[in-house]
Amino acid sequence: MTAQTAINDQELEALINFLVRSEDKPRVDIPEQGQGLTERSGQFEKRITPIKDARADAAKFSLDQNGFSFHQHKTDVVDFLDEVQVESLYYPEVKILVKEVTGAEKVHIFDHTIRIEDDKKRDIASVRAPVEVAHNDYTDKSGPQRIRDLFDAKEAKDWLNRRYAVVNVWRSIGGPAITTPLAVSDASTMQSDDFIPTDLVYTDRVGEIAQIGFSVGQRWYYFSEMTRDEALLIKCYDSVEDGRARFTAHTAFTNPRAPVGAPPRESIEVRTLIAF
């Protein structure tokens, strides 16, 4: 199957990899970082999907309504492969950004992942590849469990008695993200059964994510040629059930319009836990 370009210059059509629904609970086996590729059970289908460039309308999207928001956000980090720089410079920058956008009382950064498309550079840096499977990082089960895993019983109880959420902050750290940009689906267009609970199996524990099944009505967006001075916030979990966005499907995709010689994608995603 070959991806085709749509007529609208602000919209393209690209392949998105969806999980086919079945009675068996799927699983994803995660190797230690730098030790091979992720393995997935289940059947997948690649669908040609319209993905609209949301740059011109960026201001209309919000975390609570759509599950994502886009921001100009400069960083002082020179080398994102330097763990010291990431933790000492970038983490504080991210905390300030997330607080400003969400109004959260507390922001706790618990993880970050570097993803590099180029095989050779990725192996040298011992980091992960972009994920070209539609998914969301948390479920109703794993959202609260993340709190219990991170904090002692007393502090966990405080978090669990509040409204809390998990917000990822995504950024290109090399050249503009052209070859495999990130697509996000408007949470208001998703059905509850689009999110398929999936065991996430590490060498030392089992978590749970959601992989995404296709349904008519899903609307997908991306922000073209994101640079290192731009950030995309993605809400992966929200503890309240009052109609606002709680989960946000997202995936890398191969851009059929990427010019020959465009730099391979390099990105960082920082995972934050916020409380109100």
Side-chain angles (χ1 to χ4, degrees), residues 30 32-34 55 58 61-63 67-118 121-131 135-138 143 146-147 149-151 159 164-184 209 222-238 248 250-252 263-276:
I30 306 292
E32 292 186 16
Q33 194 151 298
R55 272 194 175 273
F61 295 101
S62 70
L63 288 173
F68 61 92
S69 61
F70 177 82
H71 306 273
Q72 298 295 324
H73 183 246
K74 290 187 177 295
T75 177
D76 288 331
V77 177
V78 176
D79 181 6
F80 278 94
L81 294 179
D82 182 342
E83 293 280 335
V84 174
Q85 285 191 46
V86 170
E87 294 185 9
S88 64
L89 294 178
Y90 193 50
Y91 277 18
E93 292 174 347
V94 167
K95 284 186 176 182
I96 292 170
L97 172 65
V98 172
K99 271 198 170 185
E100 288 178 348
V101 172
T102 65
E105 181 181 333
K106 298 198 294 185
V107 178
H108 176 81
I109 295 176
F110 62 88
D111 194 8
H112 77 270
T113 299
I114 304 285
R115 298 191 185 277
I116 293 179
E117 184 180 4
D118 180 79
K121 186 171 183 178
R122 182 173 67 247
D123 290 343
I124 292 172
S126 294
V127 296
R128 302 195 188 282
V131 179
H135 66 284
N136 182 61
D137 296 3
Y138 287 91
R146 173 55 69 179
I147 299 279
D149 291 341
L150 285 171
F151 304 112
W159 279 84
Y164 61 93
V166 178
V167 175
N168 286 6
V169 180
W170 192 95
R171 178 189 301 266
S172 175
I173 60 173
I178 297 173
T179 54
T180 54
L182 191 71
V184 289
I209 62 168
Y222 81 114
F223 293 87
S224 58
E225 300 188 21
M226 280 188 66
T227 71
R228 66 177 6 248
D229 287 330
E230 297 172 328
L232 181 63
L233 272 59
I234 307 167
K235 190 198 291 186
C236 293
Y237 177 82
D238 198 316
T248 307
H250 53 282
T251 181
R265 170 184 142 183
E266 299 180 10
S267 63
I268 186 172
E269 57 212 64
V270 173
R271 299 177 182 90
T272 74
L273 185 63
I274 65 176
F276 299 88

Could you tell me whether the side chain of R122 and the main chain of I116 form a donor-acceptor pair under 3.5 Å?
yes
If I take atom CD1 from residue I274 and atom CG from residue L63, how far apart are they, to the nearest 0.5 angstrom?
7.5 Å
How long is the gap from CD1 on I114 to CD on E83, to the nearest 0.5 Å?
7.0 Å
Is the shortest distance from a Lys or Arg side-chain nitrogen in R55 or E230 to a carboxylate oxygen in the other one below 4.0 Å?
yes
If you round to the nearest 0.5 Å, how far is CD1 of I178 from CD of E225?
4.0 Å
For side-chain contact (heavy atoms from CB on, under 4.5 Å), just list the numbers for R271 and T113, CA-CA rounded to whole Å, side-chain angles, deciding distance to a tenth of an Å, and then say yes or no.
CA-CA 9 Å; R271 299 177 182 90; T113 299; 2.9 Å; yes
Could you tell me whether a side-chain N or O of R265 sits under 3.5 Å from a main-chain N or O of L182, the two making a donor and an acceptor?
no
Any side-chain heavy atom of F223 sitting closer than 4.5 Å to one from F68?
yes
Which pair of heavy atoms, one from D79 and one from Q85, lies closest together, and at what distance?
N-OE1, 3.2 Å
Polar contact flag, side-chain donor to acceptor under 3.5 angstrom, H71-S69:
yes
By side chain to side chain contact (heavy atoms under 4.5 Å, CB included) - contacts of D229 (at least two apart)
K74, T75, T227
Answer with yes or no after comparing the ring centroid distance for F70 and F61 against a 6.0 Å cut-off, counting only values under it.
no
Heavy-atom pair with the smallest gap, counting every atom of A231 and L97:
CB-CD2, 4.0 Å
Mark yes or no for whether E269, through its side chain, and N168, through its backbone, hold a donor-acceptor pair below 3.5 Å.
no
Run the side-chain contact (heavy atoms from CB on, under 4.5 Å) test on V127 and E266 for me, step by step, so that the C-alpha distance in whole Å, both residues' side-chain angles and the decisive distance to 0.1 Å come before the verdict.
CA-CA 10 Å; V127 296; E266 299 180 10; over 6 Å; no
Keeping the roles fixed (side chain from R146, backbone from V166), state whether a donor-acceptor pair exists under 3.5 Å.
no
If we only count heavy atoms from C-beta on, is the Y90 to V169 side-chain gap below 4.5 Å?
yes
To the nearest 0.5 Å, how far apart are CD1 in I209 and CD1 in I30?
7.0 Å
What are the two closest heavy atoms between A177 and S172, and how far apart are they?
N-OG, 3.9 Å
Is D238 reaching over with its side chain to a backbone N or O of A165, donor-acceptor style, under 3.5 angstrom?
no
Examine distances only and state if a side-chain atom of H135 and a backbone atom of H250 form a donor-acceptor pair shorter than 3.5 Å.
yes
Distance-only, no hydrogens or angles: does the T179 side chain make a donor-acceptor pair with backbone N or O of P264 under 3.5 Å?
no
Scanning both residues in full, the closest heavy-atom pair of D111 with Y91 reads C-OH, 4.0 Å
Of all the heavy-atom pairs spanning P263 and G175, show the shortest one and how long it is.
CG-CA, 4.5 Å
Give the ring-plane orientation class for W159 versus F151, where under 30° counts as parallel, over 60° as perpendicular and anything between as tilted.
parallel
Report yes if the side chains of L273 and Y164 come closer than 4.5 Å at any heavy-atom pair, otherwise no.
yes
Euclidean distance, N136 CG relative to K235 NZ, rounded to 0.5 Å
11.0 Å
Please report, to 0.1 Å, the donor-acceptor pairs under 3.5 Å made by any side chain of residues 103-110, with sequence neighbours excluded.
from : atom 1 : to   : atom 2 : distance (Å)
E105 : OE1    : R162 : NH1    : 3.2
K106 : NZ     : D158 : OD2    : 3.2

